[in-house]
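Residues take their numbers from the sequence shown, with the count starting at 1.
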Amino acid sequence: MKHTPTISAEFEDYLKQNNMTLAQFSEYSGVHQRTLSNWITQHRPVSVEQLDRITLAMDLPEGHLYDLYIENYIIDLPPNMRRIEPLLYRCAELDKLDAISRMVGHIMDNPLYASRLFEIAESLFAQGRHAAALLLYENVAEVEKYQHSERLAVCQYRIFTIQIGDNQNQNVRAASIFEAFVERLDEIDQLDALKDLANVYRSLRKWDKVDEMARKMRGKAEIQYSMKHQQKNRKNRQRDKETRGPLFGYIAYADLLCASVYEAQGDYQQALQYTYAYANLDWVNETDEDTLHWIKMFQDWAQCNTYINKLLSGDTRVLPDYIEYIAASKVDKEMITKLLNVMFAANRFQLDVNHVLERFEMYIDSFVQMGQPSSDMYTKQVIPEQLARFEYELAYYYLYRSMYNDGFKYLMYAMLKSHIINNETYFINCMGLFLHFQDYAVPETKAEFLNLIEKVWMNNVEKNGTADHRG
């Protein structure tokens with residue numbers, strides 16, 4: 001039977017090796033001598049704060065003694081949340097996820113602890129410590145999986161939010177699992193959840209799901225907006241929760257999403273009807289500064305999308321006005337979408353847009369280097385997907401105009417981005433475009449292409465466990 005050393009025995013060994021008394025260590029560490037004595041002689045556990053001071057005084061890395069502390073004072077004893085909770089927070093700060101898993105596994109046999117662990121998870125989530133929070137949410141969800149509770153639904157919402165990332169295949173799974181829990185959320189939370197799901201499905205180009213989420217969101221938002229104004233004159237009215245954005249915005253955004261569905265399906269006239277709907281917000285009752293800000297944003301989006309739908313329907317006369325609109329716009333994440341539609345039109349109708357690309361060259365180069373710092377679901381999901389498409393359309397445009405250096409440059413960018421987001425369709429399209437023009441690629445470009453293909457292949461081998469029989 002394996003003997004587990006005690007943390008106090010390690011401490012005593014340290015004192016002997018360094019020829020140090022308790023009094024000397026107490027003065028050096030700032031931990032009271034009586035506390036140290038009780039720890040050694042009576043096996044009374046020190047607090048996490050005291051343990052951190054002891055660890056520092058012993059010149060050990062932060063958290064070095066946590067595993068022994070967990071073994072001696074948590075695993076071997078009945079659960080004590082006064083001791084466990086501060087250690088959970090410290091392990092989250094130090095990213096000691098294995099230690100968190102051990103502690104949570106020890107206490108989750110008793111479902112009475114689920115409520116407190118959920119509160120800790122919410123606190124960690126608010127602090128941005130998502131990896132640690134995810135472990136707690138998953139354990140709480142497992143304990144309550146047969147309950148139809150709002151808390152279970154919130155856990156699943158948080159799990160969905162944390163798990164959504166670069167890999168679009170994983171995003172499909174995360175969205176489909178979470179979708180079943182939306183109706184169990186608070187009515188206000190449902191609006192944000194449906195908006196997040198719609199944006200994830202939008203990045204995946206699953207337009208039937210975007211349409212479904214948008215229409216559900218619109219119906220629920222209309223009910224909440226009506227209730228809000230029916231009750232506004234009642235005394236002592238309280239709202240426990242608020243949406244992330246203004247309530248009317250969910251109605252308008254639902255129309256924007258429906259417009260994007262029809263645009264993707266090539267029904268530009270129907271897309272325009274929905275665009276005109278969210279452009280006209282005269283029905284909004286609020287007149288505060290924040291409301292006026294959002295109304296202006298929706299009107300700006302509507303102006304942009306009106307140009308786009310007319311342009312993509314074949315009315316290329318609007319292109320010069322659209323270009324001037326882009327030039328006058330604020331430089332932000334939406335610039336990618338605006339220029340992407342220029343490239344759609346250029347490739348669809350064989351338009352010469354070299355002057356446009358030269359005009360916005362500096363911005364285009366900055367897009368290629370763009371990261372994903374935002375936690376906003378649209379910025380985190382839709383923008384990277386559109387960036388991959390933008391780079392592909394640029395490559396297509398340049399290659400078919402015999403501008404091979406630029407064409408292959410953007411094609412490699414598009415392939416890499418498609419690989420990062422794990423979009424097989426885009427990646428295959430890029431491969432097909434490369435093979436079509438491979439005779440015009442210089443040897444260095446061909447080598448870069450083959451190296452990327454081999455890298456993707458080996459990543460898939462590693463990920464899927466496919467046998468590699470090379471000698």
Side-chain angles (χ1 to χ4, degrees), residues 1-15 22 25-26 29-145 151 155 158-159 162:
M1 184 175 180
K2 185 179 177 181
H3 173 67
T4 303
T6 64
I7 192 169
S8 58
E10 269 211 16
F11 174 65
E12 287 185 275
D13 287 343
Y14 172 84
L15 294 180
L22 272 185
F25 188 87
S26 173
S29 65
V31 179
H32 199 281
Q33 182 176 346
R34 180 177 295 176
T35 300
L36 296 172
S37 177
N38 288 338
W39 182 34
I40 294 172
T41 60
Q42 300 181 37
H43 304 293
R44 291 183 185 176
V46 293
S47 68
V48 174
E49 181 185 357
Q50 290 165 337
L51 182 63
D52 284 339
R53 290 184 184 179
I54 292 167
T55 303
L56 179 63
M58 292 173 67
D59 198 28
L60 296 172
E62 280 189 287
H64 181 81
L65 297 173
Y66 285 176
D67 287 335
L68 277 179
Y69 187 89
I70 292 169
E71 193 69 41
N72 295 167
Y73 302 126
I74 293 178
I75 301 298
D76 290 346
L77 298 173
N80 183 332
M81 286 305 296
R82 284 187 2 185
R83 191 176 302 135
I84 293 171
E85 183 172 336
L87 189 52
L88 282 174
Y89 279 109
R90 280 295 287 145
C91 287
E93 289 175 19
L94 300 176
D95 204 29
K96 287 185 166 291
L97 302 183
D98 288 343
I100 292 174
S101 294
R102 291 184 69 203
M103 285 187 282
V104 172
H106 175 59
I107 62 178
M108 286 312 293
D109 287 341
N110 188 337
L112 294 177
Y113 292 107
S115 175
R116 186 63 198 131
L117 279 183
F118 174 76
E119 292 172 4
I120 296 170
E122 289 284 83
S123 177
L124 292 174
F125 183 81
Q127 295 171 18
R129 304 188 187 282
H130 289 172
L134 178 62
L135 290 173
L136 304 190
Y137 287 128
E138 287 176 335
N139 276 275
V140 174
E142 178 63 24
V143 168
E144 300 196 346
K145 62 183 177 182
R151 184 164 64 206
C155 282
R158 301 288 189 260
I159 292 169
I162 294 168

Report task. Would you sort out whether Leu88 and Leu117 count as a side chain to side chain contact (heavy atoms under 4.5 Å, CB included), showing the intermediate values? Result -> CA-CA 10 Å; Leu88 282 174; Leu117 279 183; 3.8 Å; yes
Report task. Quick one: do Asp67 and Lys96 satisfy side chain to side chain contact (heavy atoms under 4.5 Å, CB included)? Show the steps, please. Result -> CA-CA 10 Å; Asp67 287 335; Lys96 287 185 166 291; 5.5 Å; no
Query raised in the report: How far apart are the C-alpha atoms of Val140 and Arg158, what are their side-chain angles, what is the distance that settles it, and do they pass the side chain to side chain contact (heavy atoms under 4.5 Å, CB included) test?
Result: CA-CA 12 Å; Val140 174; Arg158 301 288 189 260; over 6 Å; no
**Report entry** side chain to side chain contact (heavy atoms under 4.5 Å, CB included) evaluation trace for Phe125 with Leu134
**Finding:** CA-CA 8 Å; Phe125 183 81; Leu134 178 62; over 6 Å; no
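A donor-acceptor pair under 3.5 Å links the side-chain atoms of Thr41 to the main chain of Ser37, judged by distance alone. Judged purely by atom type and a 3.5 angstrom limit, His106 uses its side chain to pair as donor or acceptor with the backbone of Leu77. At least one donor-acceptor pair under 3.5 Å links the side chain of Arg53 to the backbone N or O of Gly30. Remark: the backbone N or O of Leu22 is not paired with any side-chain donor or acceptor of Ser26 at under 3.5 angstrom. Looking only at distances, a side-chain donor or acceptor of Asn72 sits under 3.5 Å from a matching main-chain atom of Ile7. Under a 3.5 Å cut-off, the side chain of Arg151 and the backbone N or O of Phe118 do not form any donor-acceptor pair. Judged by distance alone, the side chain of Tyr69 and the main-chain N or O of Val46 form a donor-acceptor pair under 3.5 Å.
The distance from the CG atom of Asp98 to the SG atom of Cys91 is 10.0 Å, given to the nearest 0.5 Å. Distance check: Ser29 OG to Asp52 CG gives 12.0 Å after rounding to the nearest 0.5 Å. Within the model, atoms CD of Glu85 and CG of Asn80 stand 11.0 Å from one another, a figure rounded to the nearest 0.5 Å. To the nearest 0.5 Å, the span separating CG on Leu51 from NE2 on His64 amounts to 10.5 Å. Here Leu124 contributes atom CG and Glu122 contributes atom CD; the two are 10.0 Å apart, rounded to the nearest 0.5 Å. Here Ile107 contributes atom CD1 and Ile74 contributes atom CD1; the two are 9.0 Å apart, rounded to the nearest 0.5 Å.
In terms of heavy-atom proximity, Trp39 sits nearest to Pro45 at CD1-CA, 4.4 Å. The two residues Ala121 and Tyr137 make their nearest non-hydrogen contact at O-OH, 3.3 Å. Summarising the geometry of His130 relative to Ile162, their closest heavy-atom pair is O-CD1, 3.6 Å, with the distance given to 0.1 Å. Listed here is the closest heavy atom pair of Gly63 and Thr55: N-CG2, 4.5 Å. Nearest heavy-atom pair, Tyr113 versus Pro79, reported as atom, atom and distance to 0.1 Å: OH-CB, 3.5 Å. In plain terms, the two heavy atoms of Glu142 and Lys145 that are nearest each other are OE2-NZ, 2.8 Å.
Put simply, the side chain of Arg90 reaches to within 4.5 Å of the side chain of Glu62, judged on heavy atoms. Proximity of Leu68 to Tyr73: side-chain heavy atoms (C-beta onward) are nowhere separated by under 4.5 Å. Two residues are said to be in side-chain contact when any heavy atoms from C-beta on lie closer than 4.5 Å; Leu135 and Val104 fail this criterion. With a 4.5 Å cut-off on side-chain heavy atoms, Pro86 and Glu49 do not count as touching. Between Met81 and Ile120, some side-chain heavy-atom pair lies under the 4.5 Å cut-off.
By the 30° and 60° cut-offs, the orientation of the rings of Tyr14 relative to Phe11 is parallel.
The number of heavy-atom neighbours closer than 6.0 Å to CG of Asn38, taken from other residues, nucleotides and ligands shown, is above 12.
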